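Heads up, the thing below is written out as structure tokens.
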Amino acid sequence: MSLVDTLLARVGRPAGRALDPTIRDLVQQVLKEHGYASPAEVQALRDEVRDMRTRVDGMARRLDELTRQAETARGEAAARSAEANAAAVAAGAGAKVEIAALATQVAELQAQLAERAAGAPAATPAAVADATPAEPTGCKVPGCPHEFRSKGFCSPHYQQWRRGTLKGFVAPDGHVAIGDQTFRVKTALAGGLAELRGETLYVDGQAV
Ligand SMILES: [Zn+2]
């Protein structure tokens, strides 16, 4: 039998109506019979519930407090982040200024270089010496792999030149054979490399 059925059987009234004191006592008694708490126990339970509610309220306030602190911290963090952003922007602007200054310096240096290139005297003697190609040490007969010994010829070619049989070079007596043609030039040109360009004979690059 349910609690409601028990109550209806004892009271004889529909449930849900306001109960008078007698009926309230009856209800208490039925509740007790069915193992429900006594008024004292109910009161103790109520007190406990009130305590718990107080504790819960305290916890809720503490939670509110923590939430406020968290929000404050978040706000501060946002402010700091904004500061950091501002600093980064300032640093970026500084870098731009530096880059512009460097670009100006580079442009000035380029202008100086152009001036020096235009007026050659800026080149130092050392630079001129460096620019001078190393003295050739090979025999001046094209394609000859030997080191030169005398007059720019290797030993075998020097012998040929001395005998006047080295084609393409002015012999000691001033004659020079190119192909099947023979020419005669100043003996001062002896040893020079001769070549024909059209009708003109060149010795060491000079027309003769
Ligand atoms: Zn040679």
Side-chain angles (χ1 to χ4, degrees), residues 69-208:
Q69 283 177 9
E71 277 167 6
T72 304
R74 200 155 44 225
E76 281 172 11
R80 273 199 293 276
S81 173
E83 276 172 32
N85 280 341
V89 167
K96 274 181 198 163
V97 169
E98 257 179 70
I99 288 165
L102 281 173
T104 306
Q105 282 178 24
V106 167
E108 281 170 11
L109 284 172
Q110 276 173 341
Q112 283 176 23
L113 278 175
E115 270 175 39
R116 287 188 190 183
T124 65
V128 170
D130 285 348
T132 306
E135 283 292 318
T137 58
C139 171
K140 64 183 177 183
V141 174
C144 177
H146 301 118
E147 296 272 298
F148 77 82
R149 295 284 175 185
S150 297
K151 300 282 281 180
F153 296 111
C154 65
S155 195
H157 280 133
Y158 178 73
Q159 298 304 325
Q160 272 186 286
W161 171 74
R162 286 272 296 189
R163 289 193 297 271
T165 57
L166 183 60
K167 283 194 167 187
F169 285 88
V170 178
D173 65 0
H175 93 264
V176 55
I178 297 176
D180 46 15
Q181 290 183 274
T182 301
F183 305 86
R184 185 163 290 277
V185 298
K186 293 181 286 184
T187 55
L189 295 173
L193 174 62
E195 57 180 329
L196 268 180
R197 297 182 197 164
E199 297 295 308
T200 311
L201 180 69
Y202 286 78
V203 174
D204 286 338
Q206 300 286 324
V208 293

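Everything numeric in this text was worked out from a predicted model, so none of it was measured. Whatever order the structure lists ligands and atoms in, that order sets their numbers, starting from 1.
- For His157, the N, O or S atom closest to the Zn ion (ligand 1) goes by the atom name ND1.
- Rounded to 10 degrees, the SG-metal-SG angle spanning Cys139 and Cys144 at the Zn ion (ligand 1) equals 100°.
- Under the 6.0 Å cut-off for aromatic ring centres, Phe169 and Trp161 do not qualify, their centroids lying 6.0 Å or more apart.
- The neighbour count for Arg184 CZ, taken as heavy atoms of other residues, nucleotides or ligands under 6.0 Å away, is above 12.
- Taking backbone and side chain together, His146 holds no N, O or S atom under 2.8 Å from the Zn ion (ligand 1).
- Around CD of Gln69, the count of heavy atoms belonging to other residues, nucleotides or ligands within 6.0 Å exceeds 12.
- Here the side chain of Lys167 pairs a donor or acceptor atom with the backbone of Gly179 at under 3.5 angstrom.
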